[in-house]
Asks: 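My questions all concern the structure below.
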Amino acid sequence: MSASWADVADSEKAASRAKPAYVPPHLRNRQSEPVAHLPQNDRGGYGGQPSRWAPGGGVGGGGGYRNDVGRPGQGYGGRGSGGWNNRGGGWDREVNPFGDDADLEPAVLENTGINFDAYEDIPVETSGGDVPPPVNTFADIDLGEALNLNIRRCKYVRPTPVQRNAIPILLAERDLMACAQTGSGKTAAFCFPIISGIMRDQHLQRPRGSRTVYPLAVILSPTRELASQIHDEAKKFAYQTGVKVVVAYGGTPINQQLRELERGVDILVATPGRLNDLLERARVSMQMIKFLALDEADRMLDMGFEPQIRKIVEQMDMPPRGMRQTMLFSATFPSEIQRLAADFLSNYIFLAVGRVGSSTDLIAQRVEYVHEADKKSHLMDLLHAQRETQDKQSLTLVFVETKRSADALENWLCMNEFPATSIHGDRTQQEREVALRSFKTGRTPILVATDVAARGLDIPHVAHVVNFDLPNDIDDYVHRIGRTGRAGKSGIATAFFNEKNAQLARQLAELMQEANQEVPEWLTRYASRASFGGGKKRGGGRFGGRDFRREGSFGSGGGRGNDYYGGGGYGGGGYSGAPSGGGYGGAPSGGYGGGVTSAWD
DNA sequence: AAACTCA
């Protein structure tokens with residue numbers, strides 16, 4: 001679809017700019033990027049509808065949102081066929097997030113090019129009492145007709161392992177701590193049950209008479225771009241269900257977000273800072289929250305974020321645990337953070353699809369010893385080699401440690417005629433979004449990034465992740481390389497290792513070994529040398545994740561909550577490995593999801 | 001170290 005970097009270079013030359021002149025970062029990306037345009041509909045015509053969704057009646061007489069009026073067949077319960085067929089119906093101006101009328105004939109759904117078996121042998125471990133059994137198909141789940149149609153529209157044919165297991169648990173109204181590998185479909189795993197649950201509760205009355213709005217669900221994300229991505233996905237899943245999804249994050253004027261909120265909100269996707277702002281202004285209340293989801297939950301509960309999350313969850317008007325349903329999702333979940341997380345959960349089920357913190361073996365991992373001073377030229381070698389061999393569409397994501405070095409490396413690459421851009425927290429939100437878009441479309445097929453881009457972002461065609469600077473934490477490494485090898489596709493990850501990373505050596509070597517990667521001999525030597533004390537326990541066994549409640553040392557906390565043992569102890573859980581019929585392992589034909597888009601993290 | 005409101 002979009003240009004490769006070779007094309008870009010060519011076209012820039014062809015564009016008679018004499019030579020690809022160096023453009024300073026603050027002037028780059030100015031031209032062709034359309035600034036987020038307004039949706040074709042501004043929903044201005046809602047005015048007179050009585051509002052079910054805006055408790056305050058909205059501003060100016062209730063800019064309410066209800067699109068189920070006059071659609072008896074729509075909605076929950078599978079009666080009739082409504083939903084897709086009422087477009088153009090005058091008052092219903094919900095944007096079609098699918099853009100066009102995709103053909104829903106089965107033939108289209110027979111996907112090609114997907115790695116069907118990629119996730120079939122992954123072990124699943126659950127613990128906690130009375131774990132609902134997994135399902136094999138979306139049809140086995142009672143999500144409601146409108147949501148099922150959207151799932152088909154997304155071309156999801158079969159649920160992924162985390163979806164098969166998590167969705168029944170969440171539909172059973174249980175709290176959940178879920179660990180599943182990067183790119184395995186976590187977003188949909190928590191969005192489907194939330195949307196379905198809200199459809200059931202559509203009659204719920206919310207307070208009215210003020211400018212405060214009362215969402216029924218809140219989904220928190222550590223970065224703005226991830227919040228935006230979740231919002232986009234959730235809107236697809238919620239299309240014509242009558243469930244309204246709104247996003248709120250910083251770096252952008254709050255007024256537009258306030259107006260969106262006033263039109264009604266069921267699911268609020270947000271970053272913590274902006275949500276706290278909205279709560280303090282009393283423009284949002286959490287009194288009616290039924291669902292709380294933390295994406296990248298271990299990050300949300302680490303040192304930098306935990307106070308903000310605690311404030312939102314414990315010090316505002318959020319119903320206490322047990323009175324809401326809480327779901328935590330991540331690919332990594334160190335046990336010390338699990339311990340913290342237990343504060344927010346009630347009688348929860350722990351679910352691990354694959355080992356907690358493991359990487360997928362779809363990613364070919366390489367580690368190269370590179371002195372600090374040689375990194376740039378080494379990167380250039382990699383990029384040159386890649387230009388020869390890689391698919392034209394393929395993108396390269398380069399991680400560095402600091403915002404400054406991201407700028408510096410971007411500059412250096414551009415000066416050397418590599419089409420690069422960058423994303424980090426010192427750039428304006430607009431610059432960040434332009435950079436990400438420019439990368440995604442292939443206009444700038446090299447993106448230099450800090451950890452702002454490490455988690456959750458679903459960027460198709462990332463063929464190569466380069467850890468120019470390795471992170472200090474192995475879990476960050478797992479998330480970074482997880483930007484490739486998604487949805488059953490393969491990818492490459494290259495890390496530059498030197499003396500500064502000695503502390504990471506042992507964990508890195510272990511991780512690579514677990515993922516069946518070749519560990520260079522010199523790294524093994526480093527690993528044994530640097531094995532003193534450091535590092536987190538990565539567990540040992542072949543199987544399953546690690547529920548910290550099972551680690552044997554839970555006595556340490558003493559009276560820390562009485563729900564550690566779940567309702568029925570651990571009896572209900574257990575490992576369901578590939579060969580046994582219990583889990584999804586027994587499914588005959590494997591595979592799911594064709595043309596799988598971006599509901600995958 | 002970086003991420004997370006606004007002013």
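The basis for the numbers below is simple: all heavy atoms, side chains too, and nothing from hydrogens, waters or symmetry mates. In what follows, chains carry the letters A, B, and so on, assigned in the order in which the sequence lines appear, proteins first and then strands, with residues in each chain numbered from 1. Just so it is clear, the model here is predicted, and its values are computed rather than measured.
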Asks: Check every strand shown and say whether A:T252 touches a base, only sugar-phosphate, or nothing at a heavy-atom separation below 4.0 Å.
Replies: sugar-phosphate

Asks: May I have the distance from A:F399 (atom CZ) to B:dA1 (atom C1'), rounded to whole angstrom?
Replies: 14 Å

Asks: Please determine whether a side-chain nitrogen of the Lys or Arg among A:D266 and A:R206 lies less than 4.0 Å from a carboxylate oxygen of the Asp or Glu.
Replies: yes

Asks: Tell me what A:R224 touches on the nucleic acid: a base, only sugar-phosphate, or nothing, going by heavy atoms under 4.0 Å.
Replies: sugar-phosphate

Asks: Is any side-chain N or O of A:T223 closer than 4.0 Å to OP1 or OP2 of B:dC4?
Replies: no

Asks: Could you state the NE2-P distance from A:H479 to B:dA1, rounded to the nearest angstrom?
Replies: 21 Å

Asks: Does a side-chain N or O from A:T450 land closer than 4.0 Å to OP1 or OP2 of B:dA1, or not?
Replies: no

Asks: To the nearest Å, how far apart are A:L268 CG and B:dT5 P?
Replies: 12 Å

Asks: Between C1' on B:dA3 and CD on A:E225, what's the gap in Å once rounded to a whole number?
Replies: 11 Å

Asks: Please check if the distance between the ring centroids of A:F192 and A:F237 is under 6.0 Å.
Replies: yes

Asks: Starting from P on B:dC4, measure out to CG on A:L301 and report it in whole angstrom.
Replies: 17 Å

Asks: Base, sugar-phosphate, or nothing: which does A:R432 touch, judged by heavy atoms less than 4.0 Å apart?
Replies: sugar-phosphate

Asks: Taking CD from A:Q503 and P from B:dA1, how many angstroms apart are they, rounded to a whole number?
Replies: 14 Å

Asks: Quickly work out the A:D469 CG to B:dA2 P distance and round it to whole Å.
Replies: 11 Å

Asks: Only counting residues at least two apart or in another chain, list the ones meeting ring-ring contact (aromatic ring centres under 6.0 Å, His included) with A:F329.
Replies: A:F190

Asks: Remember a base hit wins even if backbone is also touched, and classify A:G304 as base, sugar-phosphate or nothing at under 4.0 Å, heavy atoms.
Replies: base

Asks: Sequence neighbours excluded, which residues qualify as side chain to side chain donor-acceptor pair (under 3.5 Å) partners of A:D175?
Replies: none

Asks: Are A:W412 and A:F418, when compared by the centres of their aromatic rings, separated by less than 6.0 Å?
Replies: no

Asks: Find the distance A:R404:CZ to B:dA2:P and express it as a whole number of Å.
Replies: 10 Å

Asks: Using only side-chain N and O atoms of A:K403, determine if any of them is under 4.0 Å from OP1 or OP2 of B:dA3.
Replies: yes

